[in-house]
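Note on naming: letters A, B, ... go to the chains in the order of the sequence lines (proteins, then strands), and numbering restarts at 1 for each one. Since the model is a prediction, treat every value here as computed from it, not as a measurement.
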Amino acid sequence: MDNIALARLLDETASLLEIDGADVFRVRSYRRAAETVEQQTIQLATLLAPDADPKLLLAIPGIGKGMAANLRDLVDTGTMPLREELLTKYRATMLDLLRLPGMGPKTVALVWSALQVSNMDELEAAAKAGQLNELPRMGEKFTTKLLKGIEDYRKNSSRFRIDVAREFAERISALILAFPGIETVTPAGSLRRGRETVGDLDLLATGPACEPDVVAAAVQHVATLPLIDNLLARGQNKVTFTLRNNLQVDVRLLPRVSYGAAMQYFTGSKHHNVALRQRAIKRGLTLSEYALVRLEDNKIIASETEEAIYNALDLAYIPPELRENNGEIEAAAASFSGAATGGLPKLITLADIRGDVHMHTTETDGTASIREMAEAAIARGRKYIAITDHSKNLAMTNGMDDARALAHAARVRQVNAEMEGRIHIFTGVEVDILAEGELDLEDATLAQLDIVVASVHSRFDQPKEVITARIIRAIENPYVRILGHPTGRKLLKRDAYAVDVEAVCRRAAELGVAVEHNAAPARTDLSDANLRLAKSLGCRISMNTDAHATGEMDYMEDGIVQLRRAWLTADDVVNTAATAEEFLGRLRKRS
DNA sequence: GCCGTTTTCGGCCCGACTGTTTTCAGTCG
C-alpha cells in the first residue's frame, strides 16, 4: 500500500469518526496524519518493514504510537480495527454524502439514525418524499438546496479533477515502466489536453516490448497490475480496467513506428480529429491511429512523430491544449504558410511568469516565513512576490487586524531590504469580502499596502446575483488591485460558477482590477472558457499559486495549462512583467 | 490521537453565515 492509499484510509477514518461524534481533536489528529503521510517523499511501507528503525516513523510530526500502530495494520492487512469497527456501525457510502453542500457529519449521522439513509439515492428519495422536513432544522430551503447539490454532484462525479488524474497516471506509468522493454508511457486524451476534469485515462506505451510479435507478454504485465480493481477488457495491444475509485484506464501498447500517429489520435479531441481527417482526405491522404497514408499507393507519409503528421497536412504543430477544433487548424494552416496574420498564438509558458503575487506566511495560515517564501520563489526564478496574508475575518487562519497587517508589512519591507535586490517582495493582504461587499480592513490600512487581493471566502449558497453584486461592490474599493479566486474555490463540491463571471470581469476590466487565476488545481477558479471570456472583455489576468507552503509555488506549472487552453499569451497576464516596477505599472492606479 | 511537558494530563486555529429558530446548532473556510 502506498502513501496515497494510506492517507486516504486515514482521512476516511477521520470522517467516520466525525459522523460517530468523536472528539474533534481526535478527528483532527487523523486528518493531520493523513496530510503528512501524503506528503512524505519516502514510502511509509518501507519504514514499517521488519528491519526498519521504528524511530523513523515516530519522527514524522503527527505520527505517534497510536497512529504508527494504525499504519502498521493498514500495511499488513489493508485495514485497521478502528475503521472496521466504525464500518459495522455506519456505511462507507455515507462518506459520499459529506461532499454535498450543507451535509456535514452531524446531518449525515442524523439522517442515518432517523431514516436509515446511508447513500445518495436514499437521501434523494427521502428529500423528495418530504421526510427530511420532519427532522429538526431541515426545512424547505434545505431540501431544495440539497436536491440541487445531489444533481451537481452526479453531474461532476463521473469525471476526475486533472491533478487527481495526473497523479494516477504517474503511478500507473511507473508500474508499467517496470516491465523490461517498455521505454515510454505517455498520457494522451483530455489529460494531455489539460482539461480541468478527465473522464478516463488514456496511457500510451511503447518500446521494444511493444512490437507486434512480442507484445503479448507486456499486455500480460499490464493486465495484472496490482492496483487494478476490475479488468474490463484485454485485447491484443490494449488493456482496459478501472481503479478502486472507479477511474477507468485505457492502456495501449504500440510499436515505436506508429507512436506519433497514436499520440495524435488518442489525444483528440474528437472534433479536432474529425476535422484533421477531413483535411487529410482533401489531400488524398487518410489519417488513422497507425499512420498518415497516401491513398493512391498506400505509402506511409508520416507516423513516428506528431509534428511530421501535422506538417504533412500543411499545418504547423498544434499544441495539445488547443486541439478542440476551435479555430486552431485554420490558425496552424496560416502559420505553416507563413501568413502575416491569423497564425497560432505564441502561447504563454511557465518561463513567462515572473511573479507570484498572492501567498501566505506563518503570520496567518502559511507554513513558511517571509524569507523562506522569498528564497523558494528565487529558486523558481521569480523576480517579485507579494505577501498577502489573511485578514481578521478568516479567524481560523489567525487573520490579521489592521494593526497586525501594518506591522507585518513593516517586516516584509525589512526582509525586502535584506534581499538586496535578489527579488522584490511587495507588501499586501488578502482581505475578505463581507456580506454587503464591504471589506474587513480599513481603507487607511489598505492605502499603505502595495497589493490588496480581495477574496470571497464565505458561503456560496446565496443567489447568484447577490454574490455577484457583493464581489462587484468589493472591487470598487479603490485600493483593491486583484480579485482573488473570483468564483469560489471548490470545483466539485458545489456549483463552481455560482457567480456571474461575465458581469464581474466586465466591471473588473473597467476598473483595471486584475482577476486572479488560481494555479493550484484544487482551487481552479476560471475555466478556460471563462478565461477566454475574461480576455474578450479586456480583463487582465493575474496567475498566482496562493501558496501556503514553499512547495506550493510549483502549482504554477499546473495553472499555465488552463491559460494555454484559453489561447492566452504572455501579454494577457499581468505577472509576466519583467520587473516589479513594470508589474505595478500594469495594475490599477490608486485614486 | 499528538504533543510537550508541569512525566500525567491539559491544550489542541475561531468567527461568520444560514436555516431554522425566536436563541442556536451545524457547516464552512
Side chains of His517(A) and Asn544(A), donor plus acceptor under 3.5 Å: no
Pairwise distance NZ(Lys145(A)) to CD(Glu140(A)) - rounded to 0.5 angstrom: 13.5 Å
Flag, side chain of Arg481(A) to backbone of Asp450(A), donor-acceptor distance under 3.5 Å: yes
Heavy atoms from other residues, nucleotides or ligands near CD of Glu442(A) exceed 12 (cutoff 6.0 Å): no
Interatomic distance at C1', dT8(B) relative to dC3(B), whole Å: 13 Å
Length of the CG-P vector between Leu97(A) and dT27(B), whole Å: 12 Å
Value in whole Å for how far the C1' atom of dG1(B) lies from OH of Tyr30(A): 6 Å
Interatomic distance, Arg32(A) CZ vs dC2(B) P [rounded to whole Å]: 10 Å
Pairwise C1' distance for dC13(B) and dT18(B), with rounding to whole Å: 22 Å
Arg26(A) vs dG1(B): side-chain N/O to OP1/OP2 distance below 4.0 Å: yes
Near-strand residues of residues 64-83 of chain A, defined as heavy-atom separation under 4.0 angstrom from DNA chain B: Gly64(A), Lys65(A), Gly66(A), Met67(A)
P spacing across the pair dG1(B) / dT6(B), given as an integer number of angstrom: 25 Å
P spacing across the pair dC14(B) / dC9(B), given as an integer number of angstrom: 24 Å
Sugar-phosphate, base or nothing in reach of Pro136(A), heavy atoms under 4.0 Å: nothing
Whole-Å distance separating the CZ atom of Arg31(A) from the P atom of dG29(B): 13 Å
Flag, side chain of Thr13(A) to backbone of Arg83(A), donor-acceptor distance under 3.5 Å: no
Contact under 4.0 Å: Ser29(A) side-chain N or O vs dC3(B) OP1/OP2: no
Rounded distance in Å between the C1' positions of dC17(B) and dC12(B): 25 Å
Pair Arg31(A)-Ser15(A), side-chain donor/acceptor within less than 3.5 Å: yes
Gap between atoms CD1 and P, on Ile60(A) and dC3(B) respectively (whole Å): 11 Å
Donor-acceptor pair, side chain of Glu516(A) and main chain of His485(A), under 3.5 angstrom: yes
Whether Tyr384(A) and Phe426(A) hold their rings parallel, tilted or perpendicular, with breakpoints at 30° and 60°: perpendicular
Any strand: nucleotide that pairs with dC3(B) via Watson-Crick or wobble, under 3.5 Å: dG10(B)
Gap between atom OG1 of Thr46(A) and atom CG of Asp2(A) - 0.5 Å precision: 12.0 Å
Separation of the P atoms in dA16(B) and dG10(B), to the nearest angstrom: 30 Å
DNA chain B: 5'-proximal contact among Gly104(A) and Lys392(A) (nearest heavy atom): Lys392(A)
Side-chain touch His548(A)/Thr367(A), heavy atoms, less than 4.5 angstrom: no
His548(A) NE2 to dG29(B) P, straight-line distance once rounded to whole Å: 13 Å
Sugar-phosphate only, base, or nothing, as touched by Glu18(A) at under 4.0 Å among non-hydrogen atoms: nothing
Asp440(A) CG to dC14(B) P, straight-line distance once rounded to whole Å: 18 Å
Restricting both atoms to N or O, compile the protein contacts to nucleotides 9-13 of chain B shorter than 3.5 Å, with distance only.
| unit_1 | atom_1 | unit_2 | atom_2 | d |
| --- | --- | --- | --- | --- |
| dC13(B) | OP1 | Arg28(A) | NH1 | 3.3 |
| dC13(B) | N1 | Met396(A) | O | 3.3 |
| dC13(B) | O2 | Met396(A) | O | 2.7 |

Donor-acceptor pair between Tyr90(A) and Asp20(A) side chains, under 3.5 angstrom: yes
dT20(B) to dG15(B) separation - P atoms, rounded to the nearest Å: 26 Å
Between C1' of dC14(B) and CG of Asn393(A), the distance in whole Å: 11 Å
